[in-house]
Amino acid sequence: MSSILIKNIKQLVGIATESELKQAFYGARISKVECIENAYLWMENGKIISFGEMKDSIEASLGIKDTTLILDATGRVVLPGYVDSHTHLVFAATREKEFCDRIHGLSYEEIAARGGGILNSAKKMANATEEELIESAWIRLQTVIKQGTTAIEIKSGYGLDVENELKMLRVIRRLKEISPITIKSTLLAGHAYPLAFRDNHEGFLRLIEEELLPKVAAEGLAEYIDVFCEKGFFSVEETARIMDAGAKYGLKSKIHANQLYHSGGVEIGVQKGAISVDHCECVGDNEIAALTGSSTLPTLLPGAAFFLGISYQPGRKMIDAGLPIVLASDYNPGSCPSGNMNFVMSLACTQMKLTPAEALNGATINGAHALELGHKMGVICEGYSANVLITEPMEDYNVISYSFGTNRIEKVIVNGKLL
Ligand code: NIG
Ligand code: FE
């Protein structure tokens, strides 16, 4: 029976009651962060048991034992851990040469068309062993946990053939076994057409349907399926076909949509009941209309827009239109070599004009919903997973998004254990 009591919390942030957690926050709720000043938080056996004002923390009634770890959070903020619902954390090599090529004027698409980009990562993936991939991904995972990520999604997608996709997914499975934080795995079946199938899309789609998916399903390696729906990558029809193929094996979809163009990705995602449509740089009135009233969550990845120097997602407009937005990192070697959710929130505030409250809800409870975890993590609520962050001394939680490029997270507690 492990237990932690955090006392003297300057501001306990992100409180919610169970009845408001059936769906992602939107409308007035996404703009609001419930807080208690001068608070305590009591966690036992991995769960949040109770919290409230310090004056009501009668330690005996909480069941404090000799073994209880008591943390003093004087001057500090305590908040729910981030849920990063979109990453490509497993990769074999960085791509700084392409970074320099883009500085000299080449675009992301031009680099991809010349066989760089995803194809470049696939070449490196083919030569990497499972052990090497686990080792490098493990280091990245430790880094993002220190920055406050307490649950994460990881995609395959740099395999581009059956053997290497399975290798990537087995690496993710191993990470799940050794990781202190929850990991969800996604088969990114349609990321790019490999050179051998550039003029034979039908052949590649059949490889996914007839070989890759049955093997992934037989080993239970993935929870979701993903496709990069974009001009020059997978068309709307091809995307729909891969989503349908995944659905036959019980895989719900989370797709890459509308990063570079108004590609129809958002609309097909909604039509097929995707859990989320991710990227959304190119979202206007038509896409907003399609998302309105649907259960599909738009996930905004401002780190990718920042790194590629393209226009940001219209997050302000989407929230004002009543949509529940999610924020995620997109950590990957090509378009966002960082998984720092603090910076993602800063970008959402400075570039999309979200308030720090909206950014925090996007990065916590709405991220949890994008991974079907909203019933157990993402807020401070009795019975929820004890995934909480303790900051450096600060005035209030706004300082986290304000402090761009700085990690203000001092302590990370995952499932009731101080890491
Ligand atoms: O989400 N856009 C597609 N996939 C990734 C980037 C892949 C890469 O360049 O390695 C993304 O941005
Ligand atoms: Fe991505």
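In this text the structure is predicted, and so the values were computed from the model without any measurement. Order of appearance sets the numbers: ligands from 1, and atoms from 1 within every ligand.
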Visitor: If the plane angle is over 60° it's perpendicular, under 30° parallel, otherwise tilted; pick one for H88 and H191.
Guide: parallel

Visitor: Applying side chain to side chain donor-acceptor pair (under 3.5 Å), name anything that partners R170, two or more places apart in sequence or on another chain.
Guide: E219

Visitor: Distance from L195 atom CG to K123 atom NZ, nearest 0.5 Å?
Guide: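 Answer for the CG-NZ pair, L195 versus K123, is 7.5 Å.
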
Visitor: Given the rule in the side chain to side chain donor-acceptor pair (under 3.5 Å) test, do N258 and H279 qualify, once you have shown the distances and angles that lead to the verdict?
Guide: CA-CA 6 Å; N258 296 52; H279 266 294; over 6 Å; no

Visitor: Does one side chain, of K376 or S385, offer a donor that lies under 3.5 Å from an acceptor on the other?
Guide: no

Visitor: Taking side-chain contact (heavy atoms from CB on, under 4.5 Å) as the test, write out the residues that go with F343, two or more places apart.
Guide: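 In terms of side-chain contact (heavy atoms from CB on, under 4.5 Å), with neighbours along the sequence ignored, F343 is linked to F306, N340, S346, L347, F404.
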
Visitor: Just to be sure I understand the cut-off, which residues have at least one non-hydrogen atom under 4.0 angstrom from an atom of ligand 1?
Guide: H86, H88, R95, Y108, I118, Y158, H191, F228, H256, Q259, H279, D330, N332, G334, S335

Visitor: If we count only N and O atoms by modelled type, under 3.5 Å, do the side chains of E96 and T94 hold a donor and an acceptor together?
Guide: yes

Visitor: Hey, which protein N/O/S atoms does the Fe ion (ligand 2) have under 2.8 Å?
Guide: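 Metal shell, protein only: H86 NE2, H88 NE2, H256 NE2, D330 OD1.
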
Visitor: So, the side chain of S156 versus the backbone of L188: is there a donor-acceptor pair under 3.5 Å, distance only?
Guide: yes

Visitor: Which word best sums up how the rings of F204 and F234 line up, parallel for under 30°, tilted for 30 to 60°, or perpendicular for over 60°?
Guide: tilted

